[in-house]
Every structure is written in structure tokens, then in C-alpha cells.
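Note that the numbering runs from 1 along the sequence shown for the chain.
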Amino acid sequence: MGKAIRAQVRIILPDIGAFDPMPQTKHPGHAPQILSSLSVAHLPARAPQAHKGDFGHVLVVGGDLGTGGAVLLSAEAALRCGAGLVSVATRPEHVGAALARLPEVMCLGVESANQLMDVRERASVLVVGPGLGQAAWGRSLLSVVANAERPQVWDADALNLLARTPLSLPPGSVLTPHPGEAARLLGVSTEAVQADRPGAALKLARRYASVCVLKGAGTLVADPDGRLALCERGHPAMAGAGLGDVLTGVVAALLAQGLDAWNAACLGVWLHACAGERLGVKGRGLAAGDLAPIIRELLEEHSACLG
């Protein structure tokens, strides 16, 4: 095993009044609490008689023409973090490449929203947004996903579409915006979000009654009740394409294995950041696909499969 990773997560309970786009760099009266790795959630050890049906079925929806890799990054992350079953719904043109890269994943080519209905009903957790696009194909698939009453993780173009179209997320869902997406959801500038990241994360969590992961240096996790966690792990080498797609898959796998939205988001963010930190010592050129095997190692160090 590599050297144990020590969590650097802060819990902050700020004033949760209306979001003010003016800079708010301090939230007085609430000293941050630094947590150790023992304080973030653990997955339980698996029973010897466990089978794949015990650990959920993650369905990843997205991958319009030209962006098929995004759904594969999410699906691989979900697989490597222990989801029992993983499916991908994407453009038919991407199915061959998906099966060649991930034969363990069930891949469905969909041309219309109706083709998504059956596999949606079999899934226990839905991921929507990676590579989804904002054209008619992506909009129709998002509408089908939004109507499913099961935990969901929304990212990327699902969030951009949400900013334009009022939709309700099912209970137990997670939003994972970067600052630009958060700004569109709130109707403010990216600079305003960055000036008061805690306020932005909390307002998004309340507005959509979901856990919000505001990505970036010092990723924040907020929930509608006002809880706020700050992760100080990570590395500048993580500034690249596709790493957010990996995070969505990690969070979805943790939801599928029984964690609630808050704990899945906090543990997923911490694992993702620590993996980037471990790989970042090699410097530039970190690819999103490099993360999944390291996240798997960290998860085993944190929550051993056999206890």
C-alpha cells in the first residue's frame, strides 16, 4: 500500500442568507473543522456471499457526436469504484468504441428518448450530462432522466440545460458544477461565484434541493440544510479535460452502494482530489483516464472490501 492519505476537509457553517454576488471572503463566527480520513464516510465491508445485484446499477447518459469519451470516463470510474452494474446510453455511433474500451459495461445506442425508458427503469442511480450536448438529442434524454424517481448526478451540459429549463431533481441527487456552470445556474458572473464560493454553493443546494459540489481549487460540498465541506486536497496537474466526468462516476458508484448524497459527494470529492494529488507529483500531462485505478486503490485503503 502507498503512504496513507490524510484528509484535509473543512466543515463550515456560514450565514446561509440570500446569495450576494458581491465578494464575501469571510463567514465569521464559525471556525472551520479539519477532518481526518476517518471522518469521511466508509463503505461497509462486503459479505462473502455478495453478488453484483447488491451494489447498484449506474446508468450514464450522454456522449453526443464528438464527445463520446466523456460517458466512458464516467462509466469506468463507476465500475472501478464498485458499482455492481454499469450501463451507458449514448449515440449508436459510439457503441463499438465503448465495447472495445469497456467490455464490462452494457452499452446502449439511443437515437430517441423512447429507447432510454427500459434501461432507465432498471438503473438505481443515473448520471446525466457528460458529453450530452445542448441540442435536441441531449434535451430529450435529459427530460427522460429528470422524470425518474431515483438518485441522480448531474454534470456538464445537463447543468447548462438546467440553467435554461426549469426542472426538478429527484430527492438524493447531486449537482457537480464548475464555476462557469454555477454562474449560469445562478444568473450571475463567474467572478461573482468565485468571490463567494460558499454562498454560491449553498444557494445552489437550496435552489435545487440537492447536494451541490462546486468544483475548482478548494472544492466545496453543500447541502440544502446548510452544511458545507471544503476539500483542500488536489494538485494543479488536475487542470485538464475529463476529470469532472470521472468525479461524476465516482459519486454515482458511492450512491449505488448505499451512501446518501452528502456522504457520497464528500467521499467522492476527497478520493478524486487525493488521487490527483498522488498522480500530480509526476507533473504535467495528467490524463483523466489515469485517475480511476488510483481512486480504486485509495478506496480500498480507506474502506477495505474484506474489512
Side-chain angles (χ1 to χ4, degrees), residues 51-53 55-148 150 152-161 176 240-253 255-256 272 275 279 285-296:
H51 60 85
K52 61 188 178 184
F55 306 111
H57 182 176
V58 173
L59 170 62
V60 185
V61 179
D64 202 352
L65 297 176
T67 53
V71 284
L72 299 185
L73 288 168
S74 291
E76 182 175 12
L79 189 72
R80 294 298 185 183
C81 284
L85 294 163
V86 180
S87 293
V88 165
T90 188
R91 285 282 193 178
E93 292 86 345
H94 298 149
V95 170
L99 293 176
R101 178 182 173 93
L102 294 173
E104 305 89 349
V105 169
M106 296 171 284
C107 194
L108 173 68
V110 294
E111 294 180 340
S112 68
N114 289 337
Q115 295 173 292
L116 189 59
M117 299 296 289
D118 288 344
V119 67
R120 184 197 72 173
E121 294 308 306
R122 296 195 298 271
S124 57
V125 176
L126 304 178
V127 171
V128 63
L132 184 69
Q134 299 182 53
W137 182 82
R139 294 196 304 269
S140 66
L141 297 187
L142 181 62
S143 67
V144 171
V145 170
N147 288 325
R150 51 186 56 80
Q152 303 184 10
V153 186
W154 286 35
D155 187 27
D157 278 325
L159 301 176
N160 292 324
L161 291 171
T176 62
L243 276 83
D245 302 320
V246 173
L247 178 60
T248 61
V250 173
V251 173
L255 287 169
H272 183 263
L279 288 168
L286 172 62
D290 298 337
L291 260 70
I294 306 303
I295 293 172
R296 183 188 181 199

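- The salt bridge (Lys or Arg N to Asp or Glu O under 4.0 Å) check on Asp64 picks up Arg91, with sequence neighbours excluded.
- Annotation for Gln115 and Gly109: closest pair NE2-O, 4.2 Å, computed over non-hydrogen atoms.
- Between Pro130 and Ala70 the shortest heavy-atom distance is C-CB, 3.6 Å.
- In this structure Leu108 satisfies the side-chain contact (heavy atoms from CB on, under 4.5 Å) test together with Val110, Val119, sequence neighbours excluded.
- In terms of heavy-atom proximity, Val58 sits nearest to Ala83 at CG2-CB, 3.9 Å.
- Atom CG in Leu161 sits 5.5 Å away from atom CG in Leu142 (nearest 0.5 Å).
- Within the 4.5 Å cutoff, side-chain heavy atoms of Met117 are placed close to those of Val144.
- Side-chain N or O atoms of Thr90 include one that pairs as donor or acceptor with a backbone N or O of Gly62 at under 3.5 Å.
- Taking Glu121 as the reference, Arg150 meet the side-chain contact (heavy atoms from CB on, under 4.5 Å) condition, with sequence neighbours excluded.
- Contact detail for Leu141 and Ala113: the closest heavy-atom pair is CD2-CA, 3.8 Å.
- When only modelled atom types and interatomic distance are considered, Thr248 and Thr176 share no side-chain donor-acceptor pair under 3.5 Å.
- Side-chain contact between Val71 and Leu73 is absent, with no heavy-atom pair separated by less than 4.5 Å.
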